[in-house]
*Asks:* 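This is the structure I have questions about; it appears just below.
Every chain is numbered from 1, with letters handed out A, B, ... down the list of sequences.
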2 protein chains.
Amino acid sequence: MRSPAELTQAFRQTGLKVTPQRQLLFRLLHGNTSHPSADVLFALASKEMPGISLRTVYQTLNDLASMGELHSIDFGTGSARFDPNVTDHQHAVCNECGTVHDVHVSRAPKMSGLEGFDIHDAHIVYRGVCADCAS
Amino acid sequence: MRSPAELTQAFRQTGLKVTPQRQLLFRLLHGNTSHPSADVLFALASKEMPGISLRTVYQTLNDLASMGELHSIDFGTGSARFDPNVTDHQHAVCNECGTVHDVHVSRAPKMSGLEGFDIHDAHIVYRGVCADCAS
DNA sequence: TTGCTAATTAGCAACTGTTGAGAATTAAGT
DNA sequence: ACTTAATTCTCAACAGTTGCTAATTAGCAA
Ligand SMILES: [Mn+2]
Ligand SMILES: [Mn+2]
Ligand SMILES: [Zn+2]
Ligand SMILES: [Zn+2]
């Protein structure tokens, strides 16, 4: 995801308005590696801007996602997680605390057993126990 | 997933009863490679047994899953998909028609960027367009 | 075969995460 | 400042799944 300043330009160029609510979310998301849910972002945003609506949070997240600034990922944990890091990487999910960590694989694994399937994307999810929870 | 006959034994040994509803679901699931949702199974079951409850379908699926006979997989398509094939394999999901295909990878891909994470499971989801939808 | 009892079923309400709709507000170009 | 389309907020609706409970039933034992 680009910086709040760059996003401001991008939004205006697309005909989208830049509101205080959106600016706040730009700030909360930029460089955020915690893969927050909409709920968590709503809680964070509410601290700085009481009265902000959860609907607005969803709306902004959806806007960012459809602009390709954000990925919405469903790990099956009940709610979608949002990732401002749209560079190629994979994830490790802790079964104990639910945290999502960024990981990398050396090379995209080749698959077999399916002819003629045009792969657009491959996503690996590792599940297990993170270092913090192991102790 | 084991055969309906074997599941009958396994259920009784666990103190679970084997009802006509469950036997029907055993049959519908055994060897099924379509990764059906609860809804689809409910529709199939309803043809043979009108009046069967969606609740019962969920209950049986949950029982099978907690016995390890079935995997419940969330591909983010709105509803969980159930897979009676519990051997190690991966999946390819078509963005057009939503079908889920079984695929295999030659070797489990090593991840980097995270120390001390105890990996219990790695699941790869390939997304793209299947051969049928490409034409 | 019959009876007992705990498990199961069906039906429906409740729940969670997310989206739809619409009136009031506001960004931003003129 | 004025205009207007976009946005916000509120609240209802939605989908998938689970909780609850009275009525039914499987499976065991007598
Ligand atoms: Mn990430
Ligand atoms: Mn499969
Ligand atoms: Zn952990
Ligand atoms: Zn397809």
Side-chain angles (χ1 to χ4, degrees), chain A residues 4-5 7-26 28 35-46 48-67 70-82 98 100, chain B residues 4-5 7-26 28 35-46 48-67 70-82 98 100:
Chain A
L7 288 175
T8 297
Q9 309 292 33
F11 264 59
R12 291 205 178 117
Q13 276 172 10
T14 324
L16 298 177
K17 291 180 177 175
V18 178
T19 64
Q21 290 89 340
R22 287 181 172 173
Q23 286 173 307
L24 171 53
L25 287 165
F26 292 170
L28 290 175
H35 308 86
S37 62
D39 231 40
V40 165
L41 286 165
F42 174 60
L44 290 172
S46 296
E48 292 196 40
M49 186 184 284
I52 190 174
S53 160
L54 174 61
R55 190 69 182 83
T56 298
V57 174
Y58 272 111
Q59 212 133 289
T60 302
L61 290 170
N62 289 342
D63 286 340
L64 287 166
S66 62
M67 290 171 75
L70 203 61
H71 281 173
S72 171
I73 314 173
D74 187 348
F75 293 106
T77 49
S79 50
R81 302 298 207 90
F82 294 89
V100 177
Chain B
L7 288 174
T8 297
Q9 309 293 33
F11 265 59
R12 291 204 179 120
Q13 275 172 11
T14 324
L16 299 176
K17 292 178 178 176
V18 179
T19 65
Q21 289 90 342
R22 287 182 171 175
Q23 286 173 306
L24 170 53
L25 287 165
F26 292 171
L28 290 175
H35 309 86
S37 63
D39 232 41
V40 165
L41 286 165
F42 174 60
L44 289 173
S46 295
E48 291 196 41
M49 187 185 282
I52 189 174
S53 160
L54 175 60
R55 191 66 183 84
T56 299
V57 174
Y58 272 110
Q59 211 133 289
T60 302
L61 289 170
N62 289 342
D63 286 339
L64 286 166
S66 62
M67 289 172 76
L70 205 58
H71 281 172
S72 171
I73 314 173
D74 187 348
F75 294 106
T77 51
S79 50
R81 302 297 206 90
F82 295 88
V100 177

*Asks:* How many angstroms lie between atom OG1 of A/Thr19 and atom CG of A/Leu24, to the nearest 0.5 angstrom?
*Replies:*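 Spacing of OG1 (A/Thr19) from CG (A/Leu24) equals 9.5 Å.
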*Asks:* According to the salt bridge (charged side-chain N to carboxylate O under 4.0 Å, His left out) rule, which pairs have a member within residues 53-66 of chain B, sequence neighbours left out?
*Replies:*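 As it turns out, the salt bridge (charged side-chain N to carboxylate O under 4.0 Å, His left out) pairs with a partner in residues 53-66 of chain B, which skip direct neighbours, are B/Arg22-B/Asp63.
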*Asks:* Mark yes or no for whether B/Thr56, through its side chain, and B/Ile52, through its backbone, hold a donor-acceptor pair below 3.5 Å.
*Replies:*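 No.
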*Asks:* Report, one line per pair, each donor and acceptor closer than 3.5 Å where one atom sits in a side chain of residues 70-82 of chain A; sequence neighbours left out.
*Replies:*
{"residue": "A/Asp74", "atom": "OD1", "partner": "A/Gly76", "partner atom": "N", "Å": "2.7"}
{"residue": "A/Arg81", "atom": "NH1", "partner": "A/His35", "partner atom": "O", "Å": "2.5"}
{"residue": "A/Arg81", "atom": "NH2", "partner": "A/Gly98", "partner atom": "O", "Å": "3.0"}

*Asks:* Is the ring centre of A/Phe11 less than 6.0 Å from the ring centre of A/Phe26?
*Replies:* yes
*Asks:* Could you tell me from which nucleotide to which nucleotide of DNA chain C, 5' to 3', there is an atom under 4.0 Å from chain A heavy atoms?
*Replies:*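 Going 5' to 3' along DNA chain C, contacts run C/dG17 to C/dA28.
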*Asks:* May I have all residue pairs that pass side chain to side chain donor-acceptor pair (under 3.5 Å) and include part of residues 7-18 of chain A, sequence neighbours excluded?
*Replies:*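 Sorted result for residues 7-18 of chain A: empty, none.
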*Asks:* Nearest 0.5 Å please: distance from the CG atom of B/Leu28 over to the CD atom of B/Gln23.
*Replies:* 12.0 Å
*Asks:* Report the residue from A/Leu41, A/Asn62, A/Asp39 that forms a side-chain contact (heavy atoms from CB on, under 4.5 Å) with A/Val57.
*Replies:* A/Leu41
*Asks:* Going 5' to 3' through nucleotides 7-19 of chain D, assign each nucleotide B (protein heavy atom under 4.0 Å from a base atom), S (under 4.0 Å only from sugar-phosphate atoms) or - (no protein heavy atom that close).
*Replies:* SBSB-----SSBB
*Asks:* Looking only at heavy atoms, which two atoms of A/Ala10 and A/Met67 are closest? And how far apart?
*Replies:* CB-CE, 4.0 Å
*Asks:* Once you build an axis from the first five pairs and another from the last five of the helix from C/dT1-D/dA30 to C/dT30-D/dA1, how far apart in angle are they, to 10 degrees?
*Replies:* 30°
*Asks:* Pair B/Leu7, B/Leu64 - check side-chain contact (heavy atoms from CB on, under 4.5 Å), show working.
*Replies:* CA-CA 9 Å; B/Leu7 288 174; B/Leu64 286 166; 4.1 Å; yes
